[in-house]
Amino acid sequence: MEQQKLSILMCLTAAVSVFVTFPAYGDVEKVNTVQWKKEAINSEVPITNIPQLSDIPRPPTSVKDWLAQEVPQNQVTQVTGVRLNSTASGLEVILETPTSNQLQTTIKNEGNTLSAVIPNAQLRLPSGNSFRADNPRDGITEVMIVNQNANSILVTVKGSTSLPKVELFDSNQGLIFALTPTASSSQQQTPNQGQKPIELLVTGKPEDSYKVPNASTGTKFSVPLRDIPLSVQVIPRQVIEDRQVVRQDDITDNVSGVQKVIGYGTASAYIIRGFADFGYFRDGFRGPVGLTPGDTANIESIEVLKGPASVLYGSGYTEGGLLNVLTKKPLDTPFYNASFIAGSYDYYRSSLDFTGPLTSNNALLYRLNASYENSGSYRDFINNQNFDLAPAFTWRIDKKTTLVTQVEYQHSDFVFDSGLPLVPQSLQIPISRSLAEPGANTSHLDSTSVTYTLEHKFSDNWSFKQGFNALLANLDLGSYTYFYSPTLNADGTVNRLILKGPEQSENYTLTNELFGKFSTGSFNHNVLIGVELYRRELSNNFLGALIAPINIFNPVYGAQPGSFSYQLGLTGQHGADDLGIYVQDLVEILPNLKLLVGGRFDSSNSSAKDAPDGNLIGCDSFRKTV
């Protein structure tokens, strides 16, 4: 029994020893109680008054609790005076007290304001219990010292432009705050004070980045790329300039999953995720099909959407994705640039880019891009010329309404080059050899695109945009020679065919879109409602004729169409009228969780006419894409 009692007493003694180590300022009454317990244990008196856990004082868990705890008055340091002393580097704030080494300071910075809390101290100034000085030094707008509560002092220093630097020192005078503003008086001297101004010349330009934060192709409004649940890759203007790319179809070398292939004549097609696309979009409008891609002088960036895009852009040419070319727009700041490039094979190219305001209030802006290119080739009998002109204007009708108009004109004289037959024998002849007739293969292209975009903002969250584009193109095919047989004849010759004739195409697009932002509960919605009208017409009247075969090893030029005179070849008229209605909602569920939903309804009426017999083949199709 005695051994069990001794064990219990030892446990109680250990528990009590833990309790008495918590507070820095203990309760005298509770300490006496503990002493009584020890005496009771030593005298084997039964313990009848055991303190509860709630009776034990808790240590402070925050600065506020720590400063608020009661401190005996004889432990509070009194600050009896405040002095300001101007120095060469700044300002000294001296808190006069004989026991400065006993003061502990906690400093906090916020903006241009420095705050220092001194616990266990109180202001006891002859003029009152607060101190304030306005603009005591250049770079410091205010110094204020007050009693924060019964046990602490708050020192506040505000800088004029930025946060002052501070150092603390103990001295026989008291606690010293050494403040240094960001710009000392010696640095702010004027030429009238005997110093000449120093001129600094900074050369070069800021480092440009290839990173583009936002894109609009996937949603038809600007959205951060990280918020688009689609695969969109952007090629900015800086990449085009650094690579010195002058042809649009060469830019896609920077895009994974996209491959350029030669299509109709010199026009390029793009294979996106395994699907061939012979067209592209320009500023969100359907671009030309089967025409030369054009120059890069008027291109600001290219956005490539990988994956099906029919929800916003309709069916056709969007199974694997689409390529959207964004053109240059007028700028508020004047900018002038001209360039000239010369290269191999008689290559010459010049371009200019001018932009700026036309009025003093920047309500009317302009931009003019132009380029001219003349080039030969490593291939025989090939010479190309290309001229592009693109004026654009921005009219800020009022603070909420903006109208942008653009015109793009392209004239090209180029040669369709069929290359060499795809047979092993082609590896035995020079790569420069051409099997077309010299001087009889030049084609001409004239295309004009007119675009306007009218945008009106009803409020910060709702806006309306109308866009219209008309694209007219005329192609004069000049004696295009190609091989209609994939194999060689026994004598090493290849059969040839010549096509020539005109082709005209017309594309018209009208879009009306309403964009709005609103919230339902904790979800934020970005809604787009659009209606698109699209008309396309294509007519061609190509004539074809057989010409004499040519020997790929020993070519003899000068052949003319033989007994088979020119006959109707690829001829006809094709057209369609499309109506599309689409709705899309980008839902922000969480800052890092977005949901994109949408649907599109399409109705198309297409027709085709075969020129030889004049029969009109018409069909009505009904499509719905979700």
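Computed over heavy atoms, backbone and side chain alike; hydrogens, waters and symmetry mates excluded. We count residues from 1, following the sequence as given.
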**Q** Can you name the nearest heavy-atom pair linking S301 to P236, along with the distance?
**A**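 In terms of heavy atoms, the two residues are closest at CB-CA, 4.0 Å.
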
**Q** Checking side chain to side chain contact (heavy atoms under 4.5 Å, CB included) against T217, which of L323, V304, L322 comes through?
**A**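 One option only clears the test, and that one is L322.
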
**Q** Is there a side-chain contact between L528 and Y582, using heavy atoms and a 4.5 Å cut-off?
**A**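 L528 reaches Y582 side chain to side chain.
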
**Q** Is a side-chain N or O of Q148 found less than 3.5 angstrom from the main chain of V117, in a donor-acceptor match?
**A**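 Flag not set: sc Q148 to bb V117 has no pair under 3.5 Å.
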
**Q** Please determine whether a side-chain nitrogen of the Lys or Arg among E92 and R137 lies less than 4.0 Å from a carboxylate oxygen of the Asp or Glu.
**A**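 Salt bridge between E92 and R137, a charged N being under 4.0 Å from a carboxylate O: no.
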
**Q** Can any side-chain N or O of N469 pair as donor or acceptor with the backbone N or O of T509 at less than 3.5 Å?
**A**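 Side chain of N469 to backbone of T509, a donor-acceptor pair under 3.5 Å: no, none is there.
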
**Q** Would you mind checking if K457 and D398 are paired as a salt bridge, meaning a charged N to carboxylate O distance below 4.0 Å?
**A**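 Here D398 does not pair with K457 in a salt bridge, since their nearest N and O are not under 4.0 Å apart.
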
**Q** Do S222 and S216 have side-chain atoms, one donor and one acceptor, less than 3.5 Å apart?
**A**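 There is no such pair (donor and acceptor under 3.5 Å, judged by atom type) between the side chains of S222 and S216.
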
**Q** Examine K220 relative to Y313 and say whether NZ or CZ is less than 6.0 Å from the centre of the six-membered ring and inside a 45° cone about the ring axis.
**A**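 Positive - K220 is close enough to the ring of Y313 and near enough to its axis.
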
**Q** Salt bridge between K329 and E300, side-chain N to carboxylate O under 4.0 Å?
**A**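 Not counted as a salt bridge, because no side-chain N and carboxylate O are separated by less than 4.0 Å.
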
**Q** Do S160 and N112 get their side chains close enough for a donor-acceptor pair, meaning under 3.5 Å?
**A**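 The answer is no; no qualifying pair exists.
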
**Q** How are the rings of F515 and F221 set to each other: parallel, tilted or perpendicular (split at 30° and 60°)?
**A**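 Rings of F515 and F221: tilted, 30 to 60°.
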
**Q** Using atom types as modelled and distance alone, determine if a side-chain donor or acceptor of E303 lies under 3.5 Å from a backbone N or O of G218.
**A**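 Not at all, since once roles are kept as given, no pair shorter than 3.5 Å links the two residues.
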
**Q** Check step by step if side-chain contact (heavy atoms from CB on, under 4.5 Å) holds for I145 and I153.
**A** CA-CA 7 Å; I145 306 173; I153 295 175; 3.7 Å; yes

**Q** Considering non-hydrogen atoms only, spot the tightest contact between L510 and Q466 and give its length.
**A**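 Taking every non-hydrogen atom into account, CD1-CG, 4.0 Å.
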
**Q** Charged N to carboxylate O below 4.0 Å: is that the case for K328 and D283?
**A**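 Judged by the 4.0 Å cut-off on N to carboxylate O distance, K328 and D283 do not form a salt bridge.
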
**Q** Between T296 and Q244, is any pair of side-chain heavy atoms under 4.5 Å apart?
**A**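 When only atoms from C-beta onward are counted, Q244 and T296 do not touch, as no gap falls below 4.5 Å.
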
**Q** Any chance the rings of F464 and H456 have centres within less than 6.0 Å?
**A**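 No, they do not, as the ring centres are separated by 6.0 Å or more.
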
**Q** Under 3.5 Å, is there a donor-acceptor pair between the side chain of N147 and the main chain of L123?
**A**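 At least one qualifying donor-acceptor pair exists.
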
**Q** Is R243 salt-bridged to D250, cutoff N-O under 4.0 Å?
**A**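 No, this pair does not count.
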
**Q** Is it true that D353 and R367 make a salt bridge, defined as a side-chain N closer than 4.0 Å to a carboxylate O?
**A**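 Looking at R367 together with D353, the answer is yes, because their closest N to O distance falls below 4.0 Å.
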
**Q** Given side chains that start at C-beta, do those of L358 and L365 come closer than 4.5 Å, heavy atoms only?
**A**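 No - every pair of side-chain heavy atoms lies 4.5 Å or more apart.
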
**Q** Test your reading of the model: is there a side-chain donor-acceptor pair from Q122 to the backbone of N149, 3.5 Å cut-off?
**A**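 Side chain of Q122 to backbone of N149: a pair is present.
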
**Q** So, Q173 and R83: side-chain donor and acceptor under 3.5 Å apart, yes or no?
**A**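 R83 and Q173 do have a side-chain donor-acceptor pair below 3.5 Å.
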
**Q** Please tell me if the side chains of K517 and W462 come closer than 4.5 Å, counting only heavy atoms from C-beta onward.
**A**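 Not touching, per the 4.5 Å side-chain cut-off.
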
**Q** Please confirm whether the ring centroid of F393 lies under 6.0 Å from the ring centroid of Y366.
**A**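 Between F393 and Y366, the centre distance exceeds or equals 6.0 Å.
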
**Q** Donor-acceptor pair, T355 side chain versus L331 backbone, under 3.5 Å?
**A**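 It does hold such a pair.
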
**Q** Strictly distance-based, threshold 3.5 Å: is any side-chain N or O of N324 a donor or acceptor partner for the main-chain N or O of G284?
**A**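 Checked: pair present.
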
**Q** Quick one: closest heavy-atom pair of V143 and P136, and the distance?
**A**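 Smallest interatomic distance, heavy atoms only, reads CG2-CG, 3.9 Å.
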
**Q** Answer yes or no: are there more than 12 heavy-atom neighbours, outside K594 itself, under 6.0 Å from its atom NZ?
**A**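 Yes, because the 6.0 Å sphere around NZ of K594 holds more than 12 heavy atoms from other groups.
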
**Q** Could you tell me whether K400 and E455 make a salt bridge, using a distance below 4.0 angstrom between a side-chain N and a carboxylate O?
**A**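 A salt bridge is absent here (no side-chain N lies under 4.0 Å from a carboxylate O).
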
**Q** Just by distance, with hydrogens left out, do T327 and N298 show a side-chain donor and acceptor under 3.5 Å apart?
**A**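 Side chains of T327 and N298: no pair found under 3.5 Å.
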
**Q** Tell me, do L175 and D170 make a side-chain contact under 4.5 Å, heavy atoms counted?
**A**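 In contact.
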
**Q** Does D460, at its CG atom, have more than 12 non-hydrogen atoms belonging to other residues, nucleotides or ligands within less than 6.0 Å?
**A**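 No, because the 6.0 Å sphere around CG of D460 holds 12 heavy atoms or fewer from other groups.
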
**Q** Examine distances only and state if a side-chain atom of T511 and a backbone atom of E532 form a donor-acceptor pair shorter than 3.5 Å.
**A**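 It does not hold such a pair.
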
